[in-house]
Each structure stands twice: as C-alpha cells, then as structure tokens.
Amino acid sequence: MADKRTYLILFGAQGSGKGTQARMLQEWLGVPQVATGDLFRANMGQGTELGKLARSYMDRGELVPDSVTVEMVKDRLSQPDAAKGAIFDGFPRNLTQAEALDAMLAQWGAGIKAAAYIQLNREQLMKRITGRRTCKNCQAVYHVEFNPPKADGVCDACGGEVVQRADDADEAAVARRLDIYLEQTTPVIDYYRGKKLLKEVDGSLSIEAVQQAMRSAVKPQPVRKARPAKKASAKKAPAKKAVKRTTKAVGKKTVKKPSVRKPKATRG
Ligand code: AP5
Ligand code: MG
Ligand code: ZN
C-alpha cells in the first residue's frame with residue numbers, strides 16, 4: 001500500500017526563500033515546516049543548552065554538529081503534528097544528514113516524496129540576505145524592500161519584534177555560509193537528483209510565483225481541511241511520547257501561521 005505521509009525537502013542557498021516558501025506550503029499541505037535553523041534559534045532565544053551550543057557555530061556561519069542536528073530533527077518528527085509528514089527546510093545539509101534522514105524514515109516505512117531546489121544567483125542571494133528581517137518570537141520572515149511587515153519592526157503574525165538575524169549582519173559569516181553550502185549541500189542535491197526526486201524551481205520570481213511553481217513541482221494531494229475527527233489512523237510516525245529534551249519546547253512554534261501577504265515588490 002502506498003505510504004500516505006508527505007515528507008518533502010526544500011533546497012536552496014541561504015536567502016533563496018526556503019523559509020518563506022515552506023511556511024506557505026505547510027498551510028497548503030497540512031504538514032509542518034521543520035526548519036533546523038529556526039529550531040536552533042528558538043532554543044537560543046530560550047537559553048537552552050542546545051541553544052548555547054548552536055550559537056557558537058551559527059554566529060560563525062558554520063554547521064552545528066550532525067549528531068546534535070539529527071537528534072533534534074528526530075525529536076521534532078516524533079511530535080503529533082508531524083505524524084503525516086514534514087517539510088524540511090535547511091535539512092539535510094550534508095550527506096551524513098541525508099543518510100540519517102533516509103534511515104530514520106525507512107524505519108517508519110516512509111520516504112522522501114520530492115525535493116525542490118530553489119535557484120538564485122549569488123548577487124540576488126546577497127540582496128535577499130542583507131535585507132531580511134525575522135520575527136524574534138515566531139520566526140516569520142520579512143524583507144525590508146520585498147516583503148516588509150505592515151508596521152515597522154512589528155511582526156504581522158504575532159506582534160513580536162522583527163529584527164535582523166545575528167548571522168545575517170556579519171558579512172564574513174554570510175560568505176562562509178554560502179561557501180559551506182556549495183561545498184557540502186551540492187552533493188546532497190545530486191544525491192536526490194540521482195533518486196529522481198529533485199525538481200528545480202526559479203527562485204528569482206515573486207514570492208507567489210515561486211509558490212505556484214513549488215506546488216506544481218511537489219504535487220502531493222493536499223490533505224482535506226476540517227475533516228470531522230475520526231479514529232486516529234493506524235500508521236503513523238513513532239514515539240508520540242514527548243521526549244524530555246531541550247528541543248521539545250520549540251515544537252509547535254514552527255507551525256504558527258505567518259500572514260502571507262503580497263510582497264510590495266517581487267524582485268530578488
Ligand atoms: P538557516 O536558518 O537554515 O539559514 P540558511 O540556510 O542560511 O537559509 P536562510 O534561512 O538564510 O534562507 P532561506 O532560504 O530560508 O530564505 P528566506 O525565506 O529567509 O541556518 C542558519 C544556521 O543554522 C546555519 O548557518 C547553521 O549554523 C545552522 N544550521 C541550520 N540547519 C543546520 C543543519 N541541518 N545542520 C547543521 N547546522 C545547521 O528568504 C530570504 C529573504 O528573501 C527574506 O527576507 C524574504 O522575505 C525574501 N524573499 C524570499 N523569497 C522572495 C521572493 N521570491 N522575492 C523577493 N524576496 C523574497
Ligand atoms: Mg530560512
Ligand atoms: Zn512573529
């Protein structure tokens with residue numbers, strides 16, 4: 001019997017729009033965005049041990065160790081809202097993580113349905129990154145020029161403070177992230193291309209146009225909304241018990257709905 005769970009991966013360099021698109025896709029698909037960068041930042045905001053560890057790598061633009069990252073993802077996937085699948089954003093980032101993810105899903109009788117690769121040139125990426133602003137509270141993503149919040153510095157979705165990410169403010173860290181991306185993530189993209197799961201999307205279009213392209217690229221049936229609650233379905237991801245770990249607290253945060261508005265301008 002075909003597996004009904006929807007696990008998707010979004011690839012693209014820093015600033016290509018993974019977070020922006022994943023937040024829109026999760027509404028449409030009914031499965032949460034699992035963004036490792038957002039999970040780390042939420043832990044940093046809460047001052048957890050995981051957050052302190054992650055900060056030391058993230059501020060330099062380096063990758064957090066694989067074992068820590070994979071454990072955090074596993075924990076996130078065991079939460080009830082991820083029982084039907086997930087949209088991975090910023091994960092997997094190297095071959096070790098890709099293999100760990102495949103093994104994890106295989107254990108549950110599931111697998112990746114599709115991987116979308118958002119493409120943009122370096123000049124456009126830099127413009128997106130330097131103008132990006134993020135909600136400190138719910139991590140909704142804005143851009144000073146292309147997608148500003150309605151009120152200056154205030155999140156449309158939750159009223160939180162909208163700020164520049166620490167790793168975006170440091171030009172050397174941004175350059176390092178782009179280099180690491182090319183070196184470590186390109187082989188992962190090839191890995192999924194080899195499995196015939198990769199769809200390429202032009203990231204230079206407007207936010208809405210990219211979303212349209214993503215939807216037709218990934219194409220799984222959207223889950224029907226507001227179905228009356230029936231008996232819990234038999235086949236689900238394992239381990240519903242919330243494991244006591246530092247990542248637990250950030251669980252539902254990634255599912256919060258950001259307001260999706262038309263960007264003022266749509267170039268990148
Ligand atoms: P992470 O948070 O994943 O950051 P990233 O990979 O650097 O990607 P970004 O979030 O920068 O870009 P995005 O593609 O989401 O773009 P966005 O939608 O914001 O990782 C940060 C750090 O955490 C890493 O450096 C590492 O240290 C650590 N980490 C994370 N995952 C890890 C892992 N798996 N293993 C180890 N370490 C890990 O869009 C960018 C801007 O453009 C926004 O301002 C947006 O409003 C605007 N925009 C988006 N789309 C459009 C459009 N179509 N037109 C105009 N503007 C647009
Ligand atoms: Mg992001
Ligand atoms: Zn917010």
Side-chain angles (χ1 to χ4, degrees), residues 9-24 33-44 53-70 72-73 88-94 96-98 100-101 118 120 124-149 154-168 170 173-174 176-178 180-181 184-185 188 201-211 213-214 253-254 256-259 261 263-268:
I9 305 177
L10 303 194
F11 286 115
Q14 291 63 31
S16 58
K18 302 179 296 293
T20 302
Q21 297 299 328
R23 283 174 167 256
M24 295 164 88
Q33 169 199 30
V34 172
T36 39
D38 288 358
L39 292 170
F40 288 133
R41 278 186 291 277
N43 274 276
M44 279 159 55
L53 176 85
R55 186 189 295 278
S56 62
Y57 294 92
M58 290 172 75
D59 284 353
R60 294 196 302 265
E62 283 165 18
L63 294 189
V64 178
D66 293 334
S67 56
V68 175
T69 306
V70 169
M72 178 178 75
V73 169
F88 297 107
D89 160 8
F91 179 89
R93 251 180 156 88
N94 57 29
T96 308
Q97 294 182 9
L101 176 62
I118 310 176
L120 213 61
Q124 291 170 316
L125 293 170
M126 289 307 290
K127 207 168 170 191
R128 297 262 182 99
I129 295 171
T130 49
R132 171 167 50 200
R133 299 293 181 269
T134 306
C135 173
K136 253 175 134 171
N137 180 43
C138 77
Q139 314 228 27
V141 182
Y142 300 94
H143 191 283
V144 287
E145 187 182 339
F146 307 138
N147 186 22
V154 181
C155 178
D156 295 348
C158 77
E161 193 188 350
V162 173
V163 296
Q164 186 170 38
R165 270 167 49 176
D167 57 346
D168 284 353
D170 179 344
V174 170
R176 194 169 308 121
R177 273 155 61 200
L178 285 170
I180 293 178
Y181 177 81
Q184 301 205 11
T185 311
V188 186
V201 173
D202 178 0
S204 70
L205 307 173
S206 71
I207 292 175
E208 279 72 22
V210 175
Q211 179 67 196
M214 299 278 279
K253 281 221 164 121
T254 53
K256 219 172 238 172
K257 186 180 186 306
S259 70
R261 303 184 297 107
K264 291 261 153 51
T266 53
R267 310 160 311 277

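Both counts, for ligands and for their atoms, begin at 1 and track the order of listing.
Ligand 1 has an N or O atom lying under 3.5 Å from an N or O atom of Arg132, backbone or side chain. The N/O atoms of Tyr142, backbone and side chain alike, include one that comes under 3.5 Å of an N/O atom in ligand 1. For ligand 1, one of its N or O atoms has an N or O atom of Leu205 under 3.5 Å away. For the pair Asp89 and ligand 1, the shortest N or O to N or O distance does not fall below 3.5 Å. Ligand 1 has no nitrogen or oxygen under 3.5 angstrom from a nitrogen or oxygen of Ile129. Checked against a 3.5 angstrom limit, the closest N/O atoms of Arg165 and ligand 1 fall inside it. Below 3.5 Å of separation, one finds an N or O of Glu62 facing an N or O of ligand 1. Between Gly12 and ligand 1, no N or O atom pair is found at a separation short of 3.5 Å. The shortest N/O to N/O separation between Asn147 and ligand 1 does not fall below 3.5 Å. Taking distance alone, with nitrogen or oxygen atoms compared against 3.5 Å, Thr20 approaches ligand 1 more closely than that limit.
Put simply, CZ on Arg60 and CG on Asp167 are 12.5 Å apart, with the number rounded to the nearest 0.5 Å.
Put simply, the side chain of Val174 reaches to within 4.5 Å of the side chain of Met126, judged on heavy atoms. Side-chain contact between Ile9 and Leu101: present, with at least one pair of heavy atoms (C-beta onward) separated by less than 4.5 Å. The closest side-chain heavy-atom distance from Thr36 to Gln97 is not below 4.5 Å. Annotation: side chain of Ile207 is in contact with side chain of Met24 (closest heavy-atom distance under 4.5 Å). Val141 is listed as a side-chain neighbour of Arg132, based on a closest heavy-atom distance under 4.5 Å. Within the 4.5 Å cutoff, the side chain of Cys155 has heavy atoms near those of the Tyr142 side chain. Side chains of Arg41 and Arg165 form a contact here, defined as non-hydrogen atoms less than 4.5 Å apart. Annotation: side chain of Pro149 is not in contact with side chain of Val154 (no heavy-atom distance under 4.5 Å).
Formation of a donor-acceptor pair under 3.5 Å by the Asp38 side chain with backbone atoms of Val34 is not found in this model. Arg93 contributes a side-chain N or O that, together with a main-chain N or O of Gly90, makes up a donor-acceptor pair within less than 3.5 Å. Checked by atom type and distance alone, the side chain of Lys18 pairs as donor or acceptor with a backbone atom of Gly12 at under 3.5 Å.
At a 4.0 Å cut-off, at least one heavy atom of Arg41 sits close enough to ligand 1 to count as contact. Remark: distances from the non-hydrogen atoms of Pro65 to ligand 1 are all 4.0 Å or more.
Of all atoms in ligand 1, listed by their number and element, those nearer than 4.0 Å to a heavy atom of Gly19 are 13 (P), 15 (O), 18 (O). Close approach of ligand 1 to Asp167 (heavy-atom distance below 4.0 Å) involves ligand atoms 21 (C). The ligand atoms of ligand 1 that sit less than 4.0 angstrom from a heavy atom of Ala13 are 14 (O). Atom numbering of ligand 1 starts at 1 in the shown order; those under 4.0 Å from a heavy atom of Thr69 are 33 (C), 34 (N), 35 (N), 36 (C). Remark: ligand 1 atoms within the under-4.0 Å shell around heavy atoms of Phe146 are 55 (C), 56 (N). Those atoms of ligand 1 with a heavy atom of Ser16 less than 4.0 angstrom away are 14 (O), 16 (O).
Nearest residue to atom 3 (O) of ligand 1 from Arg93, Lys18, Gln33, Arg176 is Arg93 (criterion: closest heavy atom). Here atom 42 (O) of ligand 1 lies nearest to Arg128 when heavy atoms of Gln97, Gln14, Arg177, Arg128 are compared.
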Checklist entry - Do Asp168 and Arg177 pass the salt bridge (charged side-chain N to carboxylate O under 4.0 Å, His left out) test, and can you show the C-alpha distance, the side-chain angles, and the key distance before you say yes or no? => result CA-CA 10 Å; Asp168 284 353; Arg177 273 155 61 200; 3.2 Å; yes
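Any protein N/O/S atom under 2.8 Å from the Zn ion (ligand 3) was counted, giving 4 altogether.
For Ala54, no heavy-atom contact with ligand 1 is shorter than 4.0 Å. With a 4.0 Å heavy-atom cut-off, ligand 1 is reached by the backbone of Ile207 and by its side chain too. Contacts with ligand 1 closer than 4.0 Å are made by backbone heavy atoms (N, CA, C, O) of Ser206 only, the side chain lying farther away.
Note on ring orientation: taking the six-membered ring where Trp is involved, the planes of Phe91 and Phe88 are tilted (angle from 30° to 60°).
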